[in-house]
Amino acid sequence: MSGSQIPEKTSYVVRFAGDSGDGVQLQGHQFTVASAEGGHDLATLPDFPAEIRAPAGTRYGVSAFQIQFGGDLITTPGDEPDVLIALNPAALVVNLPQLRDGATIFVDADAFTTQRLKRADLTSNPLEDGSLNRFNVVPVSISSLTTEAVKPFGLGSKDSLRCKNLWGLGLMMWLFDQPREPTIAWIKAKFAADESVRDANLAALNAGHAYGETVELTYQIHQHPTPAAKMESREYRTLTGAEALALGLVAAGELADTELMFCSYPITPASSLLHQLTGLEDAGVATFQAEDEIAAVCAAIGASYTGKLGVTSSSGPGIALKTEAIGLAVATELPLLIVNSQRAGPSTGMPTKTEQSDLYQAVYGRNGDTPLPVVAARSPADCFDTAIEAVRIALRHMTPVILLTDGYIANASELWPIPELADYDSIANWKPLPEASGHVFDRDPETHARIWATPGHPGFVHRIGGIEKDIRSGNISYDAANHQAMTDLRREKVLSVADYLPDQELELGSLGGVAVVAWGSTWGSVYQAVQRCIRDGLQVAHIHLRHINPLPANLGALLSQFDSILVPELNDGQLATLLRDKLLVAVEEFNQVSGQPFGVSELEERIRHLAPRQIREVSQ
Amino acid sequence: MSALTVKDFATDQEVRWCPGCGDYSILKAVQKTLADLDADPAKTVFVSGIGCSSRLPYYVNTYGFHTIHGRAPAIATGVKLANPELDVWVVTGDGDGLSIGGNHLLHALRRNVNLNILLFNNEIYGLTKGQYSPTSRVGTTSPSSPSGSIDAPVHPGVFALGAGASFFARAVDVDQKGLPGIMADAKHHQGAALVEILQNCIVYNKDVFDDVVAKKTAAETQIHVVHGERLRYGKDGNKGLRLNPQTLRLEGVVIGENGVTEADILVHDETNPNLAQMLLHLEAPLPTAMGVIHRVSRPSFETSYWAHKPTGRRKKVQDLLQRGNLVDRR
């Protein structure tokens with residue numbers, strides 16, 4: 001049991017792990033709330049299995065939650081945990097590969113019985129066989145200490161043990177000197193109806209916290225209070241990507257003075273958006289759980305046809321099913337928002353693991369020449385602005401828009417400076433005045449938007465459909481020149497989106513050297529990696545794209561001012577292909593398809609490796 | 001008196017069905033129904049899928065949406081849910097509604113979305129040139145089943161009842177006397193109303209329903225059911241249906257023969273699902289049931305939906321932003 005102590009730092013990474021039924025996500029969430037209360041910046045990552053309650057003690061049933069918090073600018077949940085707290089042998093062994101030498105591990109020593117070691121496919125006890133020598137291991141009898149602490153409240157043995165997550169949480173709160181008040185208030189509210197459960201949980205939390213002194217004496221582990229982050233003085237909240245997206249959608253509805261209809265079918269990891277929006281129905285969104293993915297997008301199209309804004313949401317496999325209907329929305333020029341919470345593919349893939357591999361699907365994945373705008377969110381909180389931007393494009397150009405997010409963003413959380421909605425521009429739409437009459441395919445020359453006349457309006461009674469239509473009348477047309485004109489129009493319409501985009505800017509760095517061009521949820525890792533390289537004197541810049549299709553108009557000119565371009569992606573090189581396709585630029589790929597976010601150090605290493613080589617090539 | 005006429009519901013588009021197609025008479029009945037009921041063209045929407053039948057919205061001067069194969073009930077559900085004030089019609093066929101779109105039809109019926117669904121059943125795929133369809137009888141020869149189809153057909157009425165439909169009616173395409181009345185019943189029904197229209201595809205499945213609809217024999221091969229009236233049929237109106245309590249089946253009897261009196265003839269009760277099942281399962285030489293076979297009253301989906309949800313925007317989004325785990329760092 002050798003190993004170093006927890007180093008003195010301004011930010012830490014802690015990982016909670018246990019069985020999927022142990023309440024690990026709750027532990028993590030409460031720790032997050034406390035950390036936010038304590039003035040830290042933070043980023044979190046839940047990492048849970050697809051199975052709801054996998055057999056207890058198995059490796060594949062391990063659920064984990066990681067948080068990076070502290071006084072620095074935090075943009076990722078961290079590469080390597082400083083501290084792991086594992087509630088059973090399986091939770092210990094599956095998380096070991098991520099730990100650096102000398103990391104501190106708290107384990108529930110009571111869980112290391114022969115039977116439970118076997119359940120975790122272990123032939124010997126890691127607490128005794130020397131396999132943990134690289135780490136600073138602190139075995140604590142969490143189960144028995146929890147049982148002891150809650151004894152006065154008369155719970156059965158099973159219910160008593162269910163309090164162990166709060167015991168562990170109490171210990172972690174002691175270690176980092178986090179405030180317990182928010183959790184105490186939460187417990188009191190949550191278990192208001194059951195006094196003994198409430199008191200037992202409070203006792204477990206406090207007992208874990210009090211145990212810190214024992215740890216201090218026995219293992220020489222001291223408290224590590226972290227400084228508050230230097231952040232703008234304003235009101236913040238913690239929120240997940242799903243929450244931010246839901247709020248962004250209702251905010252967009254308010255800005256557009258248009259009600260939304262959200263139609264979806266349950267799928268991991270997109271379902272949380274449906275849950276969030278169901279709770280926001282008094283803010284002008286109606287939610288509908290359809291019979292399948294196709295019906296979901298179709299009902300959303302039906303809603304858009306009547307003048308509400310239809311929104312549908314899914315993950316890759318579900319988006320594949322919606323594809324034909326999305327083409328109908330393109331053909332009929334109806335506004336529609338399609339949210340894709342990407343997950344690891346192909347086919348069912350790994351539903352709870354994150355990936356960015358649906359970019360081709362979003363940009364190219366339809367029959368016919370069927371272009372549509374694609375935008376991508378870069379972090380949980382950024383989902384708010386991205387949703388507003390997507391709705392703005394859909395209504396300005398009368399087109400379906402795909403918004404790409406992913407499983408990581410949907411579930412991860414961060415601290416968000418609460419914006420003032422009054423600071424946002426309102427969103428205009430093309431609905432005709434009640435007394436107007438005319439033709440729905442009269443267009444705005446700049447946005448190519450048609451008139452959004454909807455049933456109920458006596459001045460615009462018309463028929464639309466998926467068959468090619470005459471560019472003026474909208475009637476069925478198989479005319480050759482007309483189809484060419486309609487194809488040109490559909491292309492120009494999407495390209496015209498770029499006319500309204502701000503110039504692409506650099507996140508970090510300056511012109512020249514290596515441009516690291518990324519999109520979506522890799523923002524946090526890329527930002528940190530580039531920042532470290534810049535601090536080391538390397539000439540590197542970070543460019544992060546929100547607009548995938550069309551690309552910002554100045555992107556080509558911007559990239560031409562760099563010696564080389566590196567595109568890191570959680571896929572097999574999809575944005576790289578798009579950039580080569582659209583801009584004819586040479587790009588280096590850095591692809592990772594492991595179901596996990598990028599580690600900052602891997603990215604940093606790659607950037608360092610690339611910079612000199614690329615500069616040499618360019619100088620030839 | 002109605003202010004609008006059939007002509008007011010016609011569009012300037014050339015109707016592109018084959019000459020003699022049963023769809024022409026259905027279109028006429030639709031236009032007549034709308035005119036008779038003084039429908040508001042601006043508040044009427046026809047949603048269709050893909051197939052010959054699904055071209056109909058282009059020919060009706062109301063709002064119309066020709067969508068994609070099989071999905072009309074799903075799109076119509078979105079339309080009706082988003083704006084319950086609209087009168088929403090779905091036009092589909094046996095392939096569109098019962099094969100590729102069977103799932104959506106099932107759910108529109110079980111949810112009881114207030115839609116008027118016209119299912120043109122011609123037991124064949126017309127627009128793709130004559131392949132057998134999900135309602136084709138076993139042994140149907142077609143380009144895709146040259147030795148005769150082997151799969152058992154789906155029965156639209158039995159399917160509808162199984163899905164929990166609150167309204168099912170059957171009619172014949174050329175029946176200009178009866179069809180508008182049934183369409184009107186469907187329009188007035190507060191819920192999903194499925195009307196199966198036996199439609200003659202004169203090119204690929206000509207006269208396939210002649211065993212039922214041929215004029216000469218129609219009086220013997222069809223029974224027009226009316227709620228509260230006895231189930232009588234026949235040229236002389238002296239035949240009827242009686243329940244055989246031993247077999248639990250309907251049997252055909254003749255009033256005045258074998259001691260049968262009018263009182264023995266069953267009275268149609270459109271609210272009785274068991275009777276509806278028996279009427280749907282009538283087989284020759286018994287007649288095929290026409291008219292409103294099943295109709296019950298239950299809340300429509302959009303009514304229940306909006307009864308439980310807030311309408312409009314009651315909360316300022318800014319207030320919603322300032323909820324959750326707030327951290328004040330001012």
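Just so we're on the same page: letters track the sequence lines, and every chain starts at 1.
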Check your understanding: Is Arg463(A) positioned over the aromatic face of Tyr63(B), cation under 6.0 angstrom from the ring centre and no more than 45 degrees off axis?
Key -> no

Under a 4.5 Å heavy-atom cutoff, which of [options] has the most pairs with chain B?
options: Glu232(A), Glu243(A), Glu420(A), Glu37(A); result: Glu420(A)
options: Ala251(A), Ala325(A), Ala228(A), Gly284(A); result: Gly284(A)
options: Pro458(A), Ala283(A), Gly466(A); result: Ala283(A)
options: Thr258(A), Thr32(A), Leu239(A), Leu255(A); result: Thr258(A)

Segment of [X] engaging chain B (4.5 angstrom heavy-atom cut-off):
X: Ala36(A); result: both
X: Phe460(A); result: both
X: Val250(A); result: both
X: Leu309(A); result: neither
X: Ser413(A); result: neither
X: Ile418(A); result: side chain
X: Pro419(A); result: both

**Study point:** Residues Arg329(B) and Glu235(A) bridged, charged N to O under 4.0 Å
**Key:** no

Taking all non-hydrogen atoms of both residues, which atom of [X] and which atom of [Y] are closest, and how far apart?
X: Glu291(A); Y: Asn103(B); result: CG-ND2, 3.7 Å
X: Thr306(A); Y: Ala82(B); result: OG1-CB, 3.2 Å
X: Thr287(A); Y: Tyr305(B); result: O-OH, 2.7 Å
X: Cys298(A); Y: Arg71(B); result: SG-CB, 3.5 Å
X: Leu415(A); Y: Val327(B); result: CD1-CG2, 4.3 Å

**Study point:** Selection from Leu81(B), Thr77(B), Val45(B) maximising heavy-atom pairs under 4.5 Å formed with chain A
**Key:** Leu81(B)

